[in-house]
Amino acid sequence: MADESTPPPVHYSDHQALIYANGAFLGERPALTTDLAALEAKAAEVLDAAALGYIVPSAGSGSTARANRAAFERRRIVPRMLRDHARRDLSTTLLGAKLPAPVLLGPVGVQKLAHPEGELASARAAAALGLPFVHSTQASHSIEEVAEAGGDGPRWFQLYWPRDPEFCVSLLRRAREAGYSHLVLTLDTTMLGWRPADLDRGHLPFLQGEGIANYTSDPVFRRRLAKDPVDDPGAAGLAFAEVFPNPGLTWEQLPFLREHWDGPIVLKGIQCAADAELAVRHGMDGVVVSNHGGRQVDGALASLDALAPVAEAVGDRTTVLFDSGVRTGADVFKALALGADAVLIGRPYLYGLALAGQAGVEHVLRCLLAELDLTLGNSGYRTAREPGPDALWSVTP
Ligand SMILES: Cc1cc2nc3c(=O)[nH]c(=O)nc-3n(C[C@H](O)[C@H](O)[C@H](O)COP(=O)(O)O)c2cc1C
Ligand SMILES: O=C(O)C(=O)c1ccccc1
């Protein structure tokens with residue numbers, strides 16, 4: 001007979017159970033490494049030079065990408081003991097959406113470079129775990145194809161606001177009609193950053209007509225083309241290069257988005273409290289603290305260093321998401337502790353995609369969630385909302 005001193009049954013969250021069920025800890029070797037930080041090296045063995053040269057490198061000397069990782073290394077977790085973490089729950093509610101865990105698949109363009117099924121495989125993997133797939137404007141598959149692949153899974157649309165307002169409205173209409181619920185407007189890439197790896201290869205996938213499926217499938221964009229993009233992909237690439245850069249954007253233009261999008265709008269690329277404050281003042285529903293994985297402004301501060309000041313300034317008034325440099329479940333924990341409501345993953349799921357398509361992306365997500373679950377529990381927490389700044393120790397470099 002169980003008495004009061006009987007410990008509750010050991011409970012593993014679904015994510016951890018999935019890992020166990022996958023055989024990773026049952027004596028059967030998993031197909032891919034469970035060391036997510038090691039995936040980049042594994043993916044480098046299967047990706048060709050063009051794919052690798054586009055996906056992995058960062059802007060300039062790579063100093064911002066290194067700073068992103070160093071900022072995670074500087075923060076150490078302070079585990080607490082004897083607080084009953086037998087029952088844990090990673091689920092959260094984000095901008096009206098109930099999610100199984102505070103993790104999204106961030107917008108990453110041109111996924112066919114990593115795997116022939118590209119975004120379709122990633123959207124299926126996201127749907128299998130119930131996590132939102134954020135579909136990039138700059139994709140290898142169209143808004144509608146990705147919606148169909150993702151089925152009932154949550155989907156968000158990331159907008160690169162094109163210089164042609166009619167085309168912009170057309171993209172937003174298509175995304176709404178295809179069931180995308182949330183809009184992520186990326187602010188930090190009105191022009192592509194200085195990326196020596198791309199420049200030295202003299203190769204940008206877009207100019208060969210890759211990664212512009214949302215453009216070539218759009219009736220408004222197609223009016224710019226004399227020939228079908230299948231017959232003349234180079235001309236389609238040049239038309240893309242005309243509408244993509246939009247350095248004239250200002251805060252005053254945001255009401256235009258509201259007129260054409262009735263769901264939540266999140267601004268991606270915020271790196272300081274002042275801009276987060278402007279986002280709130282302009283009625284935006286959330287921000288993503290992000291430096292684009294170090295691919296835009298070389299020399300910019302580490303995204304994790306920008307997080308706490310933003311969360312302290314606006315965290316009680318708006319939703320704060322985070323990305324850039326997240327590689328492990330422990331990293332997710334650190335971002336949550338510094339005030340993020342959820343995190344976006346970039347390169348790590350692309351590495352999973354490169355290695356094993358949909359199954360590879362699912363593997364990355366399951367490992368990430370399982371490690372987050374274990375990190376939370378072993379540090380004395382039960383939910384993703386509990387850890388605060390006192391869960392971390394900062395090491396002075
Ligand atoms: C290959 C690649 C393509 C990307 N394409 C986009 C994009 O189309 N739109 C966007 O908002 N961000 C894009 N990003 C940035 C990611 O959304 C995210 O901010 C970044 O990858 C996070 O850093 P991480 O890779 O260290 O996780 C891209 C990143 C990579 C690596
Ligand atoms: O490569 C990127 O990081 C990216 O976001 C992008 C944006 C526009 C065109 C090409 C790539």
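Order of appearance sets the numbers: ligands from 1, and atoms from 1 within every ligand.
- Contact annotation: for His292 versus ligand 1, heavy atoms closer than 4.0 Å belong to both the backbone and the side chain.
- Residues Asn291 and Thr64 bring no donor and acceptor atom of their side chains to less than 3.5 Å of each other.
- The protein heavy atom nearest to atom 11 (O) of ligand 1 is Thr186 OG1, 2.7 Å.
- Taking the six-membered ring for Trp and the full ring otherwise, the centers of Tyr215 and Phe167 sit less than 6.0 Å from each other.
- The protein heavy atom nearest to atom 6 (C) of ligand 1 is Pro107 O, 3.2 Å.
- Side chains of Arg174 and Ser142: a donor-acceptor N/O pair is absent below 3.5 angstrom, by distance only.
- Side chains of Ser122 and Gln111: a donor on one and an acceptor on the other come within 3.5 Å.
- Within ligand 2, counting atoms from 1 as listed, the ones closer than 4.0 Å to a heavy atom of Arg295 are 1 (O), 2 (C), 3 (O).
- Scanning the protein heavy atoms around atom 12 (N) of ligand 1, the nearest turns out to be Lys268 NZ, 3.0 Å.
- Scanning the protein heavy atoms around atom 8 (C) of ligand 2, the nearest turns out to be Phe244 CZ, 3.1 Å.
- The protein atom (non-hydrogen) at minimum distance from atom 21 (O) of ligand 1 is Gly346 CA, 3.6 Å.
- Here Trp251 pairs with His282 under the ring-ring contact (aromatic ring centres under 6.0 Å, His included) rule; sequence neighbours left out.
- Applying the ring-ring contact (aromatic ring centres under 6.0 Å, His included) test to Tyr381 and every residue at least two apart in sequence or in another chain returns Phe333.
- A donor and an acceptor atom, one from each side chain of Ser303 and Asn68, are nowhere located under 3.5 Å apart.
- Judged by the shortest distance from any of its heavy atoms, Gln296 lies outside the 4.0 Å radius around the atoms of ligand 2.
- Nearest protein heavy-atom neighbour of atom 1 (C) of ligand 1: Arg295 NH2, 3.5 Å.
- Taking every non-hydrogen atom of Ile55 and a distance limit under 4.0 Å, the qualifying atoms of ligand 1 come out as 1 (C), 31 (C).
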